[in-house]
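Each chain gets a letter, A, B and so on, in the order its sequence line appears, and its residues count up from 1.
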Protein chains: 2
Amino acid sequence: MHRCHEHAHCIEDAIAAADRICTERGLRFTGLRRRVLELVWENHGSAKAYDLLDKLGGDYSAKPPTVYRALEFLQENGLVHKISSLNAYVGCSHPLEHSNCYFLICKKCNEVQECCAGTVAETLQDLANSNNFKPEQMTLEIEGVCSACQAGN
Amino acid sequence: MHRCHEHAHCIEDAIAAADRICTERGLRFTGLRRRVLELVWENHGSAKAYDLLDKLGGDYSAKPPTVYRALEFLQENGLVHKISSLNAYVGCSHPLEHSNCYFLICKKCNEVQECCAGTVAETLQDLANSNNFKPEQMTLEIEGVCSACQAGN
DNA sequence: TTTAATATGTTATAATGTAACTTCTTTCAC
DNA sequence: GTGAAAGAAGTTACATTATAACATATTAAA
């Protein structure tokens, strides 16, 4: 179930943003990459690589490297994120507009909400400072129950 | 390289703590489980399941389920943690004394430092509240360069 | 001391991910 | 436009990580 008003818009918006970013950067937003991004965005849950592979089906004579390479490209350009704790991928809901983002993963409906909050970045920096640690990359994934599911939907 | 004074103590302490916890809980801290925990503690980096398997070697006629089951037991009882972003495992440095802990992973020396800070828990709760999300489990892994490696060790 | 519970052994396979090389397509200098 | 170079995708093979399912052994408890 999608909790957005009209999920087709989510997909369209994501593709449009990707198109724009790739153009700006002189990157090739090929048919395959576009298709994989669409598939990732089929819903607001996370997508497993091999499920994407299945969905690609006959097109693109897809084999594992096909989908992993597309995902790698999309990740490098901030268009999808990997959720390490699930070995799965989600579309980025606001590409380029953040650095440290985190994920709220609902165990009931499986939707994943991407969030960015300055407070997290600050807290992290504090943590790092207090340990004299120079942070470069953060993985923050919170599993629980989303507001809609708590309400019994 | 270990940055502790005498690494044997780290292992001994971890085993002693595990022993105590298992006794308290009426759980069986079997030879296999003890051995796997020792191996996880061989250093302060993270251990991969199949490396543990190799190290078990002839003993215990080890096959994948052997080590995964031991790791599962150790995880359930808070004696080791899985580092999702590395698909690897680290010994818990203060079992039972925390709930929300996070990990500082040095990409140079590969050591993993486990931390618990009230501020993180609070920040998380704030995040969750602001999203009306009921958190149950957190994965927070920060990769970067530890203080010793920054100093050029 | 039998029974039940728990742990481990064993086989097989599932799921996730990558290396290395080939072929195709696009770009760009000429 | 053409040919060379770069980049993307195809292809084969395999590496890594993890689990299911059932058999056997060990321990704890009645």
Side-chain angles (χ1 to χ4, degrees), chain A residues 18-19 21-40 45-77 79-90 110 139 141, chain B residues 18-19 21-40 45-77 79-90 110 139 141:
Chain A
D19 224 336
I21 286 165
C22 289
T23 300
E24 282 169 12
R25 298 187 174 180
L27 300 169
R28 300 189 203 159
F29 193 44
T30 63
L32 173 63
R33 289 165 176 175
R34 175 184 305 258
R35 185 77 191 107
V36 169
L37 186 56
E38 283 169 1
L39 291 173
V40 166
S46 58
K48 309 284 279 178
Y50 275 72
D51 290 344
L52 296 172
L53 187 52
D54 286 345
K55 287 179 183 164
L56 278 174
D59 315 342
Y60 303 103
S61 72
K63 300 204 172 44
T66 309
V67 70
Y68 280 105
R69 282 195 290 228
L71 287 170
E72 184 184 29
F73 171 88
L74 296 169
Q75 280 183 268
E76 281 169 352
N77 293 290
L79 301 168
V80 308
H81 298 288
K82 177 167 185 174
I83 306 295
S84 290
S85 60
L86 300 177
N87 291 326
Y89 305 82
V90 291
N110 297 313
T139 300
E141 300 164 7
Chain B
D19 224 336
I21 287 165
C22 289
T23 300
E24 282 169 14
R25 297 188 176 180
L27 300 169
R28 300 188 203 161
F29 193 43
T30 63
L32 172 63
R33 289 165 176 175
R34 174 184 305 258
R35 184 79 191 107
V36 169
L37 186 57
E38 283 170 1
L39 290 173
V40 166
S46 59
K48 309 284 279 181
Y50 275 73
D51 291 342
L52 296 172
L53 187 52
D54 286 344
K55 288 176 182 164
L56 278 176
D59 315 342
Y60 304 103
S61 74
K63 300 201 174 45
T66 309
V67 69
Y68 281 104
R69 282 194 290 225
L71 287 170
E72 184 184 29
F73 171 86
L74 296 169
Q75 281 183 267
E76 280 169 353
N77 293 289
L79 302 169
V80 308
H81 298 289
K82 176 166 186 177
I83 307 295
S84 290
S85 59
L86 301 176
N87 291 325
Y89 304 82
V90 292
N110 297 313
T139 300
E141 300 165 7

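Both B/Leu86 and B/Pro65 sit near DNA chain D, but only B/Leu86 has its closest nucleotide nearer the 5' end. Along DNA chain C, the nucleotide nearest B/Asn87 and the nucleotide nearest B/Leu27 are compared for position; the residue whose nucleotide lies closer to the 5' end is B/Leu27. Mapping A/Tyr50 and A/Ala62 onto DNA chain D by nearest heavy atom places A/Ala62 at the nucleotide closer to the 5' end.
Proximity of a side-chain donor or acceptor of B/Lys82 to a complementary backbone N or O of A/Ser85 within less than 3.5 Å is not detected.
You'll find that the side chain of A/Ala49 is closest to C/dG17, out of C/dT10, C/dA5, C/dG17. Closest to the A/Lys48 side chain, of the nucleotides C/dT16, D/dA28, D/dA8, is C/dT16. Nearest nucleotide to the side chain of A/Tyr68, out of D/dG10, D/dT12, C/dG17: C/dG17. For B/Leu32, counting side-chain heavy atoms from C-beta on, the closest listed nucleotide (C/dG9, D/dA9, C/dT10) is C/dG9. Here the side chain of B/Thr66 is nearest to one of D/dT27, D/dT11, C/dT10, namely C/dT10. Listed candidates were C/dT8, C/dG17, D/dA8. Nearest to the side chain of A/Arg33 is D/dA8.
Using a 4.0 Å cut-off between a side-chain N of Lys or Arg and a carboxylate O of Asp or Glu, A/Glu72 and A/Arg69 do not qualify as a salt bridge.
Rounded to the nearest 0.5 angstrom, B/Tyr89 OH and B/Leu74 CG are separated by 11.0 Å. Once rounded to the nearest 0.5 Å, the distance linking NZ of A/Lys63 with CG of A/Leu53 reads 9.0 Å. A distance of 7.5 Å separates CZ in B/Arg33 from CG in B/Leu27, rounded to the nearest 0.5 Å.
What separates CZ of B/Arg25 from P of C/dT6 is a distance of 16 Å, to the nearest Å. With rounding to whole Å, B/Phe73 atom CZ is found 7 Å from C/dA7 atom P. Atom CD in B/Glu72 sits roughly 10 Å away from atom C1' in D/dT19 (whole-Å rounding).
Judged by atom type and distance alone, B/Arg69 reaches the base of C/dG9 through a side-chain donor-acceptor pair under 3.5 Å.
Using a 4.0 Å heavy-atom distance criterion, B/Phe29 is classed as making no nucleic acid contact.
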